[in-house]
Every structure is written in structure tokens, then in C-alpha cells.
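Along the sequence shown, residues carry numbers from 1. Whatever order the structure lists them in is the order used to number ligands and atoms, beginning at 1.
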Amino acid sequence: MAERHAEPREPEAAAASRLVDVIRLGATRLATAGCVFGHGTDNALDEARAMACQVLGLTLEMPDVYLNAQLASWERAAVLNLIGQRATSRQPAAYLLGEAWYMGMPFTVDPRVLIPRSPIGQLLERRLEPWMDASGVRRIVDIGTGSGALAIIAAYAFPGAMVDAVDLSAAALEVAACNIQRHGLARRITLHQGDLFAPLADTYDLILSNPPYLDEAEYATLPPEYLAEPRLGLLAGHDALAVAGRIIQEAASFLNEEGLLVMDVGGRQLDMETRFPDLPCTWPWFDRGGDGVLLAFASDLQAHYGR
Ligand SMILES: C[S@@+](CC[C@H](N)C(=O)[O-])C[C@H]1O[C@@H](n2cnc3c(N)ncnc32)[C@H](O)[C@@H]1O
């Protein structure tokens, strides 16, 4: 009688049935594909864990004991399938899932909008203390709103305020409208299409902005994950400070007396200080990572750029 042999099995895949094994296998897949991180995570293991949690409907903050849970074969297949798509397409995970989590909240995203990640969210969570008296904030504008994430977080942080949100991209504004609806904030947030302050007639207590700040040379070297994002969201032009510089010069005319400009310029702090050497700015420190956010008071902007 012929000896019966067990089916040969691929040892790695066979072992990967606990959540922790699937995450580790997924991390290897992401790393060997050369994936680049930066849309909410900064390494392969964290990204694989975040993707697994999102697919399985678990929170990232789940107790570690659940990492030992055995996955059903369909769960394992769903996680590894998504991670495979991420590795092959080099699209950010948030686009594949149609959703980004930012500051503990879900936002609908697709390639029409940048995936929200600005550290400005951390300042809004603290209602901009100690720089602002939150009780006096009645009017807020978010310039270059993209997905609408900052406008929405600002509306939550300052429940007594009305918020305007501007973007040049009509396509981005469609996604922002969807997020505003999703968060039930349609009565408090108004969308405007146009160039920076052009569609606005009001003045504000708070101007928020995360404008594009890459020049052509930097944009040309971006990995596929970032090239998947809208060009208008990242590329400022030949001059990296083309958009941020205009915001500095125009903000004074749109701020109330005690108002504050909060603008994310990423790695451009030195360039901004060189371009605007006389403008007093504060650059807050972020305990959960991030830098390059400039705070400038209306009085200082008005002293330099008048109304
Ligand atoms: C870096 S993304 C920021 C998106 C969103 N605020 C965030 O933090 O995730 C910059 C946004 O500014 C918009 N934008 C670029 N130039 C603009 C301009 N001149 N006027 C208005 N919006 C502009 C882009 O379409 C894009 O949505």
C-alpha cells in the first residue's frame, strides 16, 4: 500500500494564522516590496498592524492579548490580500481602504485629496492653548482644505464657531463635502472654491492652512505613495514657498485683531525664517511627532503686511 503523505504546505503561510503572525508576514511583504511609509505610520510593522486592524474592524488601541487570536481563514485572506495590493500598487493604504484615521476620527479619502496628517490637528485638540482664548473664537477658515479634515476638527474643537473652508480643487471639495456630511457638520462648515482668500469676504479669529510646499525638483523625487496624492496638494511650483508666502502676505487682511494664523510648512522652517526674517513667529513643539507649524499673530502680520 502506497504511503500517504501530507499535502506539502508553504511553511510561512501555514504558520501565519494568529493575528500577530499575519501582521509579521504582512510587514515582511511591505518591506520587501520597498514600500515607503508616512501616511499615518512610519514603518512596515506599524503599517501592517494598522491595515489588519482596519480590515478586521479592530481599534489600534486593542489590548495586545488579541494579537494571539487565531484568525478565520477568510480574515487572514482579507488582511493579506489588502497588504498584497498595497505592496504591488504602492498606493497608500488609506486610498485602498477609502478611509483615513486622523486624530482618532475617520475621514473618507481617495486620490482627489491629500491623506490628512498635519500636526495642526494636535494643536486643535488642545484648542490652541496657550496661544488663544478658545471662548473668543467665532470664525475660522481653513485654506486648502482638501478632505476637510482640519476644518472638521476645528469645528469639533470650537463648538461655538462657524467655519469656512477653501480649496482651488473642485474635486477635493467633493470629498470635503462628503466628510462634512459624514460628521454632521453641514450647518457649521461652508465650502468655497477658489484661490486662497479670493472667495472670502469675512474676517476670522483663526486661519488654518496646510498649503503645498514642495518645489519641482523635490516633487520629482517623491516615491509612488506620495505621487498617488494630488499634485496640487504637494507641489507649490518652482518656488517652494510660493503658496505659503502669499498666505503670510495676505492673512493680515483676513484676521481679526486678536486673530492667529496657524500654517504647516513642514520642513521649511529655516526657509520661512530666511524669507520673512522680521516676522515674529512661534514654532510649537509636538509631543506626538511632527514639526514645521508656524503661528503668527494678527498684530505682527498687520505690522509687517498692513491691512
Ligand atoms: C497639503 S494639502 C492639505 C489638505 C488638508 N488641509 C490637509 O491638511 O490634509 C493642500 C491643499 O491646498 C489646495 N490648494 C493648493 N493651492 C491652492 C490655492 N492656491 N488656493 C486654494 N487651495 C489650494 C490643494 O488642492 C490641497 O487640497
Please list the nearest protein heavy atom to atom 11 (C) of ligand 1 with its residue and the distance rounded to 0.1 Å. G144 O, 3.5 Å

Apply the test side-chain hydrogen bond (donor to acceptor under 3.5 Å, both in side chains) to residues E229 and H39: give CA-CA distance (whole Å), side-chain angles for both, the deciding distance (0.1 Å), then the verdict. CA-CA 11 Å; E229 294 189 295; H39 294 104; 3.2 Å; yes

Report the part of D167 (side chain from C-beta onward, or backbone N, CA, C, O) that has a heavy atom under 4.0 Å from ligand 1; answer both or neither where that applies. both

Less than 4.0 Å is my threshold; does some heavy atom of A151 fall inside it relative to ligand 1? no

What part of I143, side chain from CB on, backbone N/CA/C/O, both or neither, has a heavy atom under 4.0 Å from ligand 1? neither

Contact check, S147 vs ligand 1, heavy-atom distance below 4.0 Å: no

Connected via hydrophobic side-chain network under 4.5 Å: L97 and V109: no

Do you know which two heavy atoms are closest between A154 and L124, and how far apart they sit? N-CD1, 4.0 Å

Closest protein heavy atom to atom 22 (N) of ligand 1, given as residue, atom name and distance to 0.1 Å: L168 N, 3.2 Å

Heavy-atom distance to atom 2 (S) of ligand 1: which of A149, P116, G233 wins? G233

Under the salt bridge (Lys or Arg N to Asp or Glu O under 4.0 Å) rule, what do R117 and D42 come out as? Steps first, then yes or no, please. CA-CA 12 Å; R117 53 185 174 272; D42 61 7; over 6 Å; no

Find all atoms of ligand 1 within a distance of less than 4.0 Å from any non-hydrogen atom belonging to G194, and give their numbers and elements. 20 (N), 21 (C)

Roughly how far, to the nearest 0.5 Å, is the CZ atom of F197 from the CD1 atom of I143? 4.5 Å

heavy-atom search around atom 10 (C) of ligand 1 in the protein gives N210 O, 3.3 Å

Determine, step by step, whether R246 and D195 satisfy the salt bridge (Lys or Arg N to Asp or Glu O under 4.0 Å) criterion, reporting the C-alpha distance in whole Å, the side-chain angles of both residues, the deciding distance to 0.1 Å, and the verdict. CA-CA 11 Å; R246 283 177 56 209; D195 181 18; 2.8 Å; yes

Considering L196, L232, V243, I153, which one's heavy-atom position lies nearest to atom 15 (C) of ligand 1? L232

Do F107 and W101 come close enough that some side-chain heavy atom pair is under 4.5 Å? no

Can you list the ligand 1 atoms lying under 4.0 Å from a non-hydrogen atom of D195? 18 (C), 19 (N), 20 (N)

Looking only at protein heavy atoms, which one is nearest to atom 5 (C) of ligand 1, and what is the separation? T145 O, 3.3 Å

State, with a plain yes or no, whether a side-chain heavy atom of P284 is found less than 4.5 Å away from one of L123. yes

